[in-house]
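Just below is one structure, and these are the notes that go with it.
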2 protein chains.
Amino acid sequence: MGTTVADIGEDVLLQRIAERIGPPDPGDVWAGDDAAVLRSLAGPLLWTTDAVVEHVDFELAYCSGYDIGWKAMAANVSDIAAMGGHPEHALATLFVPPSTELDLVDDLLNGLLDAATNWELSVVGGDLSGGRDLALSIALSGTPAHEPVLRSGGAAGEAICVTGSLGGAAGGLYLLRNGFADGSDALIRRQLRPQARAEEGVILGTLGVGSMIDISDGLLLDLARLCASGGVGCDVDPAAVPVDPELSALRVIPAAPDPTRLALAGGEDFELLFTIDPGLESRASELLAEVGTAMTRLGTVTAGPPMVGGRNIDEWEELGWDHLKGR
Amino acid sequence: MGTTVADIGEDVLLQRIAERIGPPDPGDVWAGDDAAVLRSLAGPLLWTTDAVVEHVDFELAYCSGYDIGWKAMAANVSDIAAMGGHPEHALATLFVPPSTELDLVDDLLNGLLDAATNWELSVVGGDLSGGRDLALSIALSGTPAHEPVLRSGGAAGEAICVTGSLGGAAGGLYLLRNGFADGSDALIRRQLRPQARAEEGVILGTLGVGSMIDISDGLLLDLARLCASGGVGCDVDPAAVPVDPELSALRVIPAAPDPTRLALAGGEDFELLFTIDPGLESRASELLAEVGTAMTRLGTVTAGPPMVGGRNIDEWEELGWDHLKGR
């Protein structure tokens, strides 16, 4: 038996693929960011793709077709938002086991199309395929409101900030997987019907933040990616991380995970993590408050290694979610 | 147990989805053609997506990673060709079981990227996901050489023509599935390493054919789709269908399927089926001959029902491949 993809993990395999597909055309950004940037005669185009798969990203035991369609679209909108862009057109590829009930497919379409309406984008086509597991893959295009915001744009001295609060989606997943479906509607909703920070991404992109990424795989892992992409370090205070207040609902469950841990390593919150010139920080906070979204400063970009609470980020045990290793 | 997707089949479900996602923006074409047409400031953009899935579209018992990567790209290029367009940028989503050997993924990437080089397009990004089955979904953009050629453009009196020959890919699949892997290299190559008619699509689109579709699911099924989309009928002579000459290799196998049947109903040949003003027919034939591709007239577009060999096309037993019913 040779080396498997689980042995090397998602990020190493992605890196391996990224090295194969470059170098990009002048002005383009291909692999390695939340979305590709393609320069066209009509200006830069953003293009991303993200999939959800049964038994990997969801179980039908605890989520509806509507949830699947909504969440798959939210994840893609979040990627466009993290580039400072508006979503525009989507293609949806649906993999359905032949025994799937038509009602489930209709429900999934309802979720997908309601999400499209919610974020003012159009589903313009797609593909239908068989398969043993239900899965939905979406390709989404968008246009940057200003210049595309890259992961690589961070500079030492910038503030590191995050929108909203963290850990709620992971808390909801814990409740669903452990039979506490009545535990907290707010947490479960955060897991099954996530809100992409579409308006916030456009606000931050227009204001001119240095770098940005959406938190889909956990704060620590996505922070590590942001630093690595920019060739910068950070000094982040874990106590500053805005823990989702709804996680207090877990306190009544003896074995429940620690809320701070969920906020640091839990994925799928789809908040935006960005670096910004400290002179723009209060303006960003005001503009986000106007759309009802909080913003929290976690620390500072440095020239040194990525440090969280005085430890190198690589030394944190539970970095986040790896789609191949399943942890 | 309610109605399942297998009960209604691929085309009815696609129709159901198409009805939900329209109506398109002015000048756009969304669901229902080989690719979507999106009008932009820089001119029309073509956008398509197509996936291949283990146990549905291929088995690792008889095909390599390279074959999977190549074929998935060929199928998408064929869709852009059927719109009369050049392929440009691709996103690739790879679903890999964690136990997949890295060598297989590398081989798949080789096939995918060699196909991209062959058709002069760029893979600009993608997504990586777990899953029980290996699968590859590609989203591909392109630009029409002239105006996009739609399925719906056929008019009574036009000639119905097809490029190349048919049935070879299905013949190759028969050999692979039934343990005759030494049966015919040409047929097996046709199944595993298909050639999309990229140049031919651009030639026909530039010349100005009436309507076009690629034959991915079998001549009869794709002809029925072309007629239905244009609201036209046809009079096609099954004896005129260009049967892949390599299918003669099947003659030595007693139970092998009839070559004519494979040419009528076998999928994945990725030839182009088009309707054309009879005054342009000989010019099209000359231009295709210049790139080494034969063209055969199968019949004529009519105002009446779609007829093949004097029978309504719906009465032909074996219409073609349905991805959900698996026949």
Any side-chain heavy atom of B:Leu102 within less than 4.5 Å of one from A:Arg16? yes
Answer key: most heavy-atom pairs under 4.5 Å with chain A among B:Ile17, B:Val105, B:Leu38, B:Asp103 is B:Leu38
Ordered numerically, the heavy-atom neighbours of chain B under 4.5 Å found in residues 108-124 of chain A are A:Leu109, A:Asn110, A:Leu113, A:Ser122, A:Val123, A:Val124
Taking a cut-off of under 4.5 angstrom between non-hydrogen atoms, the residues of residues 60-82 of chain A near chain B are none
What one should report as the nearest heavy-atom pair of A:Arg20 and B:Asp106 is NH1-O, 4.2 Å
Between the CG atom in B:Asp7 and the OG1 atom in A:Thr100, the distance rounded to the nearest 0.5 Å is 11.0 Å
task = Look only at the side chain of B:Glu101 and the backbone of A:Gly2, and say whether a donor-acceptor pair between them is shorter than 3.5 Å.
result = yes
Those residues of residues 135-148 of chain A that come under 4.5 Å of chain B on a heavy-atom basis, listed by number, are A:Ser137, A:Ala139, A:Leu140, A:Ser141
- Which of parallel (below 30°), tilted (30 to 60°) and perpendicular (above 60°) describes B:Trp47 and A:Trp47? tilted
Across all chains, not counting sequence neighbours, the ring-ring contact (aromatic ring centres under 6.0 Å, His included) partners of B:Phe270 are none
Quiz prompt | Heavy-atom side-chain contact between B:Leu128 and A:Leu13 under 4.5 Å | solution = yes
Okay, B:His89 and chain A: the region with an atom under 4.5 Å from a heavy atom over there is both
| said: Run A:Val52 and B:Ser129 through side-chain contact (heavy atoms from CB on, under 4.5 Å) and show every step you take. | reply: CA-CA 8 Å; A:Val52 293; B:Ser129 178; over 6 Å; no
(Q) For a quick check under 3.5 Å, do B:Thr49 and A:Thr93 share a side-chain donor-acceptor pair by atom type? (A) yes
